[in-house]
Structures are given as structure tokens and as C-alpha cells.
*Asks:* 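Dumping the structure here so I can ask a few things about it.
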Amino acid sequence: MSEKKRFHPLAILIFLLKGIRTWFFLLVLLVINGWISTLYGKLAAAALVLIIIGSAAANYFSQAYQISSEKIIIYQGIFRKHEIDIPYDRIQTIKQRQWFFFQPFHVVQLLIETAGGEAGKAEASLPAVAEELVQVIQEYRLQEKTVKEPISETVEAKSTVTETAPAYVHQITNGQILLFGLTDLSILAAAVTLIAFLYDFIPDDWLNQAVSTSERLLQANWIVLLGLGVFLLLILATVSIAKNFLQYYNFKVSRYGKNLMIESGLLERRVQKIPLQKIQGIKIRQQVLRRLFGISTVELLLAGGQEEEKDISKKLYFLPIVFDQQLFDSLDLLLPEWAFDPPKIRYVSRKKLWYFWRWIVLVAVPLIGISYYFNHWLAVGATAIAAILLLFAWLEAHFQGYALQTDTRLCVQTFAGFSKVQTFVEQRKIQAFSERTTWRLFPKKIGHVSFWLKTGTTPEKISLSFIDQSAVAEIKQFFLKEKTINRY
């Protein structure tokens, strides 16, 4: 057994960053409200800084770790000691992260997920350890498999651990990231949400000044207003590009044996190994704007919550940026077991648009009439909202469909938000299935279907609405087929 060790001193920086993230909002409030200029505000800011620094130092000096041939031991606590024992046979995944200031010192952060841990959360973290410790842990895990597993499985595990040359690597260029950032509509939603959240905290004099400035611009001419709009769009585009470069810089996904390895990040390099048996389904997303440039995004649906972490988006992008002409070739090289082909979608609701529109029309028309009675502009706003809802409902009816690609694979196409989504799933991965109809739809032989995949802490639900009973029967028959055993 190795000696009990402290983490690398760079762990203090990790603890400091966590403390700043925790208390950042209070520091911003002190500045926005002008309290920082008062004596009490300065004292409060100084107290927060001391809390952050003291907490980081306490975390560093109260934690240690120990590596043995049977388990990893993590020690925590100052007055009340706490010990976490993690046997190697319980470890499911070890994720690696490497901040930019870790790289010169060959230091990484390790997040350990176990079979008995809470879904979507690492049971233990080694915030800063030497890179070579990863190989030591992998060798100990292999020894544990040698004792407990049959020889054939041990040989397979050994080949997975020791394999150094990937079968295939897909890498993203800087030009692709730039195009992806320029077409990222999520930045608009994030900006609106941030403004709405900060509205209550912005001083009234700032709001009054912004309103008066807007009125002066409106009274000036449309060129000034247009210039302001272009300037705001440039700011949003710059933020979007920066965000995507931070997240996807030098992104590459590699195939090693029965695992996928995903690496990405500029300031923080993340490495994640994904066993193929965890894949529950695959989603191909194509947002409206990216459709013009022939760009798609591929997302993995994983069992066990590997894609869900406290500080990571729930979505695990397998191919975040890929041109359509390369899409299925890249999928075939990375996942040859799936034998991907472009799906031949059977569109099932293009002639049933009224069913998607009816509630919007029945609710919107009276509301627009009432709004017109009280205020002209209120009616215009209500009409615009109704038109947008009708457009989204039309897109949903237009794109909805499915394809039975093989005896065991189903592709369901839907439209969610601004994106066309194709979900590929194997029959044996479907956890539950339901069909339903109403007393009005039954005589017309129209119904709905839904099925669920096991992903993270909550199942992934996939539905098709207002489809013919023949389509319902075909999908139901697909689900009820005897499940085949097909291990990757």
C-alpha cells in the first residue's frame, strides 16, 4: 500500500475557483448596488474574500488520499474525520479533467463514479494528482478483473486498457467551431433569461437612463437604431464563439476497443471514457439555422447518469459539430456495430395539421379579440405570439415520422424547439411503451405512442402524436418482439 499523500498544491486553486463561483453572485450584488463604496460593503467584501481563501486552505489541508492494490482511500475532515473507501470492482467510470494551468505540471483532476453512487454525481474526486496515477489505477483495476472475471473477459479488458492506438479519431477544426458558434441560437435564450433574472437587481436609475437613451435613439433615425442592433448581435456572436471555443477546442472522439474516448476544452481539458454498453440511444439534432449550412449535432443517451454532473450540461455531445455529408460515415467508423444508414422517414402527420393547431386557434382567437378591445399594441403582440406557436406546431406536424431501419432498430423523427431531432434506439433498450387515443380520435383511427429509455436519473421520453392506428400497430409490434441478446 502506498503512503498517505496530500493532493498536488494546485488543488488549492481548484478550491479557490469553487469558492469564487459559490460567492460570486453576492460580490456582484455589492458592486451593482453601490454598497462596495460604503464601509459596511467593504467589510462584507473583505469577509467574503477571507471566507473563500480560508475555505480553500481548509479543504486542502484536511484532505488526503491513499492508493492500494485493492482500493482507493480518500481522507477528509479536520475535527470530524471522514474516510471514503472505493474498491476497484465498484468503479464504473473515471473522468479526467485538466485545467490549462495543470498541463505544465502534468497534473489532472479525477472524478470517480461507482455502481453504488448517486446517479449523475461523482462519488469521489481527486482534485489534483499526477497524470501517471491514472495508469496505476487502471493496472490495479485490471488485476481485480483478472481475479474475478473469466479469462476471455479479462483478455478483452486488458486489450481495452493497454491499447494505445485508436481505431478511428474524429476531430473538430477551429473553422467548424467558429461556424457552430455563429449559428448557436441558444445564446439568445440565455441572454433573455439573464436579463429577466437580473432585472430585479438592476438599480432604478440605470433602468431610467436606459429607457431615456432608447427614446432618444428612436427619435434620432432608423440607421442609429439599426447600428445598435448590429452592435448587440456582434456582442452576442462574440460571446457565443468564445463559449464554444472554451467548450469544444481541440475536440476529438476516439474509438478504443469497446470504449469511446471524448476529449475537449480550452482552459479546462476534459477526458471521458464511455463503455459502449452504456449507450441507450443516439440523437441527431439539426437546428433551423444550422440546416442552411448542412451542420448537425450527435448526442449520446447514456445509462447511469454519466452524462449528468453538477457542473456539466446534461447533454453529452458525441459529435457536436459534423457536416451532413460526413455524418453517417463518421458514425460508421466510430460505431460500426450500429451499421448506420440515413433513415427513410415515413411522415405520419403532414395531413393532420388541424390537430396540432386546434387548441392554439381556439385559445388565441378569443384572446386576440379581447386584447384588441383594450389595446391595439397588445393585440399585435398576442397575434405575433400566436403566429409563432402556429409555426412551431406546423413544423412539428411536418417533420414528425419514424423509420424501422432493421428488425431491432427504430428511428423516430420529431421537431423540438428550433431543431429537427432523429432518435435512434435499439429495441432491447426500450424500457416501456404506451399507446393512447381519445373518444374523438378513436373513430378516426388516430392515436399517440410513447416509449421510454433509461437515461440518468429520469427516463428519456420519446413520443409521436396524432398518427394512424396502422403506424401505432407497427411500432407496438416492433416493441413486443422477443428481445435479442446482443452484447457489444
Side-chain angles (χ1 to χ4, degrees), residues 2-24 52-67 72-76 84 86 91-114 121-141 161 164 166 169 171-172 174 177 242-254 256 259-274 306-313 316-317 320:
S2 66
E3 297 180 358
K4 186 176 176 180
K5 296 181 180 178
R6 293 197 188 280
F7 298 117
H8 192 280
L10 286 172
I12 295 178
L13 286 177
I14 295 296
F15 296 134
L16 281 172
L17 290 173
K18 287 183 177 179
I20 291 171
R21 185 175 60 183
T22 302
W23 297 101
F24 180 76
I52 292 170
I53 295 175
S55 176
N59 278 324
Y60 176 74
F61 289 106
S62 65
Q63 296 188 30
Y65 72 97
Q66 196 169 11
I67 306 295
I72 300 172
I73 307 172
I74 299 176
Y75 303 93
Q76 297 175 340
I84 303 174
I86 307 175
I91 296 177
Q92 284 196 331
T93 307
I94 298 179
K95 298 180 185 177
Q96 300 178 47
R97 293 184 185 171
Q98 190 174 52
W99 290 85
F100 68 96
F101 50 82
F102 276 14
Q103 294 176 8
F105 302 95
H106 303 289
V107 171
V108 296
Q109 179 185 16
L110 300 182
L111 299 173
I112 302 171
E113 295 179 358
T114 67
K121 184 177 180 181
E123 184 171 339
S125 170
L126 305 179
V129 294
E131 285 180 341
E132 54 265 24
L133 188 63
V134 178
Q135 185 62 32
V136 173
I137 293 174
Q138 294 286 22
E139 290 175 356
Y140 281 144
R141 292 181 68 190
V161 174
T164 56
V169 178
Q171 193 156 4
I172 292 174
N174 291 339
I177 299 175
K243 182 197 77 170
N244 282 282
F245 264 99
L246 288 173
Q247 188 171 1
Y248 297 121
Y249 178 75
N250 197 21
F251 180 100
K252 58 183 177 180
V253 56
S254 312
Y256 289 91
N259 299 278
L260 295 171
M261 187 79 74
I262 296 178
E263 307 173 49
S264 67
L266 179 59
L267 299 181
E268 181 188 8
R269 192 76 183 157
R270 297 184 179 185
V271 180
Q272 185 170 357
K273 186 172 75 172
I274 303 165
Q306 183 170 335
E307 77 283 10
E308 295 178 62
E309 235 178 77
K310 199 173 182 180
D311 53 348
I312 299 179
S313 170
L316 178 61
Y317 288 133

*Asks:* Side chains of L10 and W99: closer than 4.5 Å at any heavy-atom pair?
*Replies:* no
*Asks:* Given the rule in the side chain to side chain contact (heavy atoms under 4.5 Å, CB included) test, do I262 and V271 qualify, once you have shown the distances and angles that lead to the verdict?
*Replies:* CA-CA 6 Å; I262 296 178; V271 180; over 6 Å; no
*Asks:* Out of curiosity, L16 CG to I52 CD1, how far, rounded to the nearest 0.5 Å?
*Replies:* 8.0 Å
*Asks:* Any idea which heavy atoms bring F15 and P127 closest together, and the distance?
*Replies:* CZ-CG, 3.9 Å
*Asks:* Rounded to the nearest 0.5 Å, how far does CG of L267 lie from CD of Q103?
*Replies:* 9.5 Å
*Asks:* Under the rule for side-chain contact (heavy atoms from CB on, under 4.5 Å), what residues qualify as partners of Y249, not counting sequence neighbours?
*Replies:* N174, F245, L266
*Asks:* Run K273 and I94 through side chain to side chain contact (heavy atoms under 4.5 Å, CB included) and show every step you take.
*Replies:* CA-CA 7 Å; K273 186 172 75 172; I94 298 179; over 6 Å; no
*Asks:* If you count every heavy atom of other residues, nucleotides or ligands that lies below 6.0 Å from F101 atom CZ, does the total exceed 12?
*Replies:* yes
*Asks:* V108 and Q98: which non-hydrogen atoms are nearest, and at how many Å?
*Replies:* CG1-NE2, 3.8 Å
*Asks:* Could you tell me which non-hydrogen atom of K252 sits nearest to which non-hydrogen atom of V169, and how far apart they are?
*Replies:* CB-CG1, 4.1 Å
*Asks:* Hey, what do you get for CG (L17) to CD1 (I12), rounding to the nearest 0.5 Å?
*Replies:* 12.0 Å
*Asks:* With a 3.5 Å distance limit and no angle check, can you tell me whether R141 reaches the backbone of I91 through a side-chain donor-acceptor pair?
*Replies:* yes
*Asks:* Applying the side-chain contact (heavy atoms from CB on, under 4.5 Å) criterion to Q272, which one of K95, R97, M261 satisfies it?
*Replies:* K95
*Asks:* Give the minimum heavy-atom separation between A11 and Y60, together with the two atoms involved.
*Replies:* CB-CD1, 4.1 Å
*Asks:* Do Q76 and I84 come within less than 4.5 Å of each other through their side chains, counting heavy atoms only?
*Replies:* yes
*Asks:* Are side-chain heavy atoms of F102 and I14 found at a separation under 4.5 Å?
*Replies:* yes
*Asks:* Are the side chains of Y317 and Y248 in touch, meaning some heavy atoms are under 4.5 Å apart?
*Replies:* yes
*Asks:* Of the non-hydrogen atoms in I137 and I72, which two are nearest, and what is the gap between them?
*Replies:* CD1-CD1, 3.8 Å
*Asks:* Verify side chain to side chain contact (heavy atoms under 4.5 Å, CB included) between I274 and L316, making sure each step is shown before the conclusion.
*Replies:* CA-CA 11 Å; I274 303 165; L316 178 61; 3.4 Å; yes
*Asks:* Output the distance between atom NZ (K4) and atom CZ (R6), rounded to the nearest 0.5 Å.
*Replies:* 8.0 Å
*Asks:* Can a donor-acceptor pair be found, under 3.5 Å and without considering hydrogens, that links the side chain of Q109 to the backbone of Q96?
*Replies:* no
*Asks:* Show the nearest heavy-atom pair for residues I172 and P320, with the distance to one decimal.
*Replies:* CD1-CG, 3.4 Å
*Asks:* Would Q171 and N250 satisfy side chain to side chain contact (heavy atoms under 4.5 Å, CB included), going step by step from the backbone distance to the final call?
*Replies:* CA-CA 7 Å; Q171 193 156 4; N250 197 21; 2.5 Å; yes
*Asks:* Would you confirm whether the ring centroid of Y65 sits within less than 6.0 angstrom of the ring centroid of F7?
*Replies:* yes
*Asks:* Measure the NE2-CG distance between H8 and L126 for me, rounded to the nearest 0.5 Å.
*Replies:* 14.0 Å
